[in-house]
Novice: 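If you scroll down you'll find the structure; I have some questions about it.
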Amino acid sequence: MLQIQAIRDRKDEISSALKKRGIAAEEMLNQVLQLDEKRRATQTQLDATLAESNKLSKEIGMLFKSGKGQEANVLKEKTVKLKEDTKRLGDALQMATSELQGLLYQIPNVPHEKVPAGNSEDDNEEVFQEGTIPTLNEDALPHWELAKKYDIIDFELGVKITGAGFPVYKGKGARLQRALIAYFLDKNTAAGYTEMQVPHLVNEASGLATGQLPDKEGQMYHVTADDVYLIPTAEVPVTNLLRDDILNENEFPICYTAYTPCFRREAGSYGAHVRGLNRLHQFDKVEIVRVEHPKNSYQALDGMVDHIKVILRELKLPYRILRLCGGDLGFTSALTYDFEVFSTAQDRWLEISSVSNFETYQANRLKLRFKDERGKSQLAHTLNGSSLALPRVLAGILENYQTPDGIKIPEVLVPYCGFDTIT
RNA sequence: GGAGAAAUGGCAGAGUGGUCGAAUGCGGCAGUCUUGAAAACUGUUGAGGGUCACACCUCCGGGGGUUCGAAUCCCUCUUUCUCCGCCA
């Protein structure tokens, strides 16, 4: 959620930056300012009314104490009208506040100056590419064929026990997945991220604070009996660990990593692009989350990107980095880099990580602040990234490492797997 | 799931209708003393709205109510603790 003060100070700047998302926000922002003014005017009136009745109440108290009950009763009558005003103004204030809030919820984050304009993924900007794309045999298979051939992932079994998009990993497939999780966590903790294990269900307040609610209910599984949501990403519980906190400046940076399953309804997805591991309702992911001083957050973002580069380099997977354009940028993000692994057998790039700086957008909803050197509360910056998402990394490994003799295991994973080939 | 008790500032903990945004202690910060530190002493120390700055307003788990006036009384929800039940 954008800060009202920011809109008051830099409306035109914000409005033109939002154009990169293809959003004409001018009118909405004007409406925000109007509502804000109304809200403040109402607040001022209410405060004055309350001040007066506070004063009267004190006088009444003193009169009663000194036995002047009659005078007190005269004053009491005066409070009747004040009470009515208080009620009316209080209702008006509440209405203005929630209207304002509702409007602010609809305005996405302001794109960073580096964000290219554009409407679709075609306008994303490739900023880096590394690794060699292997030359495979003519009979090279996509990962869903490999999964069947070597009996390491069973999609039909998942359908039987749950439904489409809930695969069952078997034998060496399960072990490889566990190896990847352990390897990612080890890399992240070695880089200074504290490993956390968090709940996989969150309440409504958490969903609101990181921006999954109120608009994206459809993406999350909702357990209505207990009114909790299955997490779509570890970002939600991990970032919410710091909800309502006021940090000291010297606590920065806060760096967490967590492995969790992620649950996404993915309503409306279909077709070849969702085959196999490409898009699932349940998948595993290791996430990194940072909370930073505003002046350091972009340096931190670069650091996260570099960190993920190292991992992909070690896995020897060909990958590229995209800077997302305004149209492809997530609602809450100011700047996002996507990592994509090239899947040779499918002949396409697969997104495996998304690294974002949310600046104060999430922090504003989270009420995640810090005390600056003057002792004033300021919003912190939040960032997160996948490090990494499992299924497509797995798909990339299976496809790129396939040989006539079986699937080779990347060297760094062999100690975690306990075998070097899947046959 | 059943019965009972509780929820107050960073922490501990007083406060059961008015002058309480809240005693006191600890912790934090600043100062005095000291070569320096400790101890001692003095001062200061919650969040949000509002204002150029004050004033002023709101917040004692959340929501609602009674009252001229609520941390304090009532209703409700949530959470924690104790006992019972169930159980990895």
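Every chain is numbered from 1, with letters handed out A, B, ... down the list of sequences. It should be emphasised that the depicted structure is a prediction, and the values quoted were computed from it without experimental measurement.
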Novice: Between B/G65 and B/G15, how far apart are the P atoms? Round to whole Å, please.
Specialist: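 Those two atoms are separated by 29 Å.
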Novice: Look at all strands and tell whether A/S53 reaches a base, only sugar-phosphate, or nothing, counting heavy atoms closer than 4.0 Å.
Specialist: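 No contact.
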Novice: Sort out the partner of B/A55 for me: Watson-Crick or G-U wobble, both distances under 3.5 Å, none otherwise.
Specialist: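 In the structure as shown, B/A55 has no Watson-Crick or wobble partner.
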Novice: Is B/U72 paired to anything, Watson-Crick or G-U wobble with both distances less than 3.5 Å, and if yes, which nucleotide?
Specialist: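 Across all strands, not a single nucleotide pairs with B/U72.
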Novice: Roughly how far apart, to the nearest Å, are B/A71 and B/G46 at atom C1'?
Specialist: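 After rounding to an integer number of Å, I get 16 Å for this pair.
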Novice: Side chains of A/Y337 and A/E125: do they bring a donor and an acceptor to under 3.5 Å?
Specialist: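 Note: A/Y337 and A/E125 side chains miss the donor-acceptor criterion.
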Novice: I'd like the C1' distance from B/G25 over to B/G17, given in whole Å.
Specialist: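 About 28 Å, rounded to a whole number of Å.
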Novice: Can you tell me, in whole Å, how much space there is between the C1' of B/C33 and that of B/C41?
Specialist: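 Per the computed distance, 9 Å lies between those C1' atoms.
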Novice: Which whole-number value in Å describes the distance from A/E77 CD to B/C68 C1'?
Specialist: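 For the pair A/E77 CD and B/C68 C1', the rounded distance is 11 Å.
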Novice: For atom C1', what is the distance between B/G48 and B/A14, given to the nearest Å?
Specialist: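 Nearest-Å result for B/G48 against B/A14 at atom C1': 26 Å.
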Novice: Taking the nucleotide of RNA chain B with the closest heavy atom to each, which residue, A/I246 or A/A51, is nearer the 5' end?
Specialist: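 Counting from the 5' end, the first nearest nucleotide belongs to A/I246.
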Novice: Would you say the side chain of A/N54 and the base of B/G69 hold a donor-acceptor pair, judged only by whether the two atoms sit under 3.5 Å apart?
Specialist: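 For A/N54, whose side chain was compared with the base of B/G69, there is no donor-acceptor pair (under 3.5 Å).
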Novice: Using the P atom on both, measure B/C60 against B/A70 and round to a whole Å.
Specialist: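 11 Å, rounded to whole Å.
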Novice: Could you identify the nucleotide paired to B/C41, looking across every strand shown and requiring Watson-Crick or G-U wobble geometry with both distances under 3.5 Å?
Specialist: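 Across all strands, the one nucleotide that pairs with B/C41 is B/G31.
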Novice: What is the distance from NZ of A/K58 to P of B/A70, rounded to the nearest Å?
Specialist: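 That distance rounds to 12 Å.
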Novice: Measuring to OP1 and OP2 of B/G49, would you say a side-chain N or O of A/R39 lies under 4.0 angstrom away?
Specialist: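 Result: no.
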Novice: Without decimals, in angstroms, what is the distance between A/Q43 CD and B/G48 P?
Specialist: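 Nearest whole value for this atom pair: 15 Å.
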Novice: With a 3.5 angstrom cut-off on both distances, give the Watson-Crick or G-U wobble partner of B/G36, or none if there isn't one.
Specialist: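 Its partner: none found.
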Novice: Considering non-hydrogen atoms only, spot the tightest contact between A/P116 and A/D123 and give its length.
Specialist: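 The answer is CG-O, 4.2 Å.
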Novice: With RNA chain B as reference, determine whether A/M62 or A/R40 sits nearer its 5' end, using the nearest nucleotide of each.
Specialist: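 Counting from the 5' end, the first nearest nucleotide belongs to A/M62.
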Novice: Given that both distances must come in under 3.5 Å, which nucleotide forms a Watson-Crick or G-U wobble pair with B/A3?
Specialist: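 Paired with B/A3, as far as the under-3.5 Å criterion goes, is B/U82.
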Novice: Between B/A22 and B/C29, how far apart are the P atoms? Round to whole Å, please.
Specialist: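 Their P atoms lie roughly 24 Å apart.
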Novice: For A/K38 and B/G50, give me the distance from atom NZ to atom P, rounded to whole Å.
Specialist: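 Those two atoms, NZ and P, are 17 Å apart.
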Novice: Quickly work out the A/E52 CD to B/C68 P distance and round it to whole Å.
Specialist: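 After rounding, the gap between these two atoms is 17 Å.
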Novice: Starting from C1' on B/G48, measure out to NZ on A/K371 and report it in whole angstrom.
Specialist: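 Going from A/K371 (NZ) to B/G48 (C1'), I get 11 Å.
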Novice: Decide side-chain hydrogen bond (donor to acceptor under 3.5 Å, both in side chains) for A/N109 and A/T332; before the verdict, give the C-alpha distance in whole Å, the side-chain angles of both, and the deciding distance to 0.1 Å.
Specialist: CA-CA 5 Å; A/N109 202 355; A/T332 54; over 6 Å; no
Novice: Cationic tip of A/K172 within the cone over A/Y150's six-membered ring, i.e. under 6.0 Å and within 45° of the normal?
Specialist: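 Geometry flag: not set, cation outside 6.0 Å or 45°.
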Novice: Rounded to whole Å, please give me the gap between CD in A/Q101 and P in B/G49.
Specialist: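 A/Q101 atom CD is separated from B/G49 atom P by 13 Å.
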Novice: Classify the nucleic acid contact of A/L50 as base, sugar-phosphate or nothing, counting any heavy atom under 4.0 Å across all strands shown.
Specialist: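 Contact class for A/L50: sugar-phosphate only.
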Novice: Please step through side-chain hydrogen bond (donor to acceptor under 3.5 Å, both in side chains) for the pair A/R275 and A/N278, ending with a clear verdict.
Specialist: CA-CA 6 Å; A/R275 283 203 73 174; A/N278 289 348; over 6 Å; no
Novice: Quantified in whole Å, what is the C1' atom distance between nucleotide B/A12 and nucleotide B/G28?
Specialist: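 Pairwise C1' distance, B/A12 against B/G28, rounds to 15 Å.
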Novice: Any strand counts, and the cut-off is 3.5 Å on both contacts for Watson-Crick or G-U wobble. Which nucleotide pairs with B/U19?
Specialist: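 Across any shown strand, B/U19 pairs with none.
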Novice: Whole angstrom is fine here: how far is it from CG in A/D47 over to C1' in B/C57?
Specialist: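 Rounding to the nearest Å, CG of A/D47 and C1' of B/C57 are 4 Å apart.
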Novice: Across all strands shown, which nucleotide pairs with B/G25 by Watson-Crick or G-U wobble geometry, both distances under 3.5 Å?
Specialist: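 Pairing partner: B/C11.
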Novice: Quick one: is A/T79 getting a side-chain N or O under 4.0 Å of the B/G69 phosphate, OP1 or OP2?
Specialist: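 No, A/T79 has no side-chain N/O under 4.0 Å of OP1/OP2 on B/G69.
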Novice: Between A/K83 and B/G69, does any side-chain N or O lie under 4.0 Å from OP1 or OP2?
Specialist: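 Looking at the OP1 and OP2 atoms of B/G69, one of them is under 4.0 Å from a side-chain N or O of A/K83.
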Novice: Does B/U66 have a Watson-Crick or wobble mate here (both distances under 3.5 Å), and if so which one?
Specialist: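 Pairing partner, where one exists within any strand: none, as none qualifies.
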Novice: How about A/Q94: does its CD atom have over 12 heavy atoms from other parts shown lying under 6.0 Å from it?
Specialist: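 Counting other residues, nucleotides and ligands, CD of A/Q94 stays at 12 neighbours or fewer.
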Novice: May I ask you to check whether A/H381 and A/N296 show a side-chain donor-acceptor distance below 3.5 Å?
Specialist: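 No donor-acceptor contact under 3.5 Å links the two side chains.
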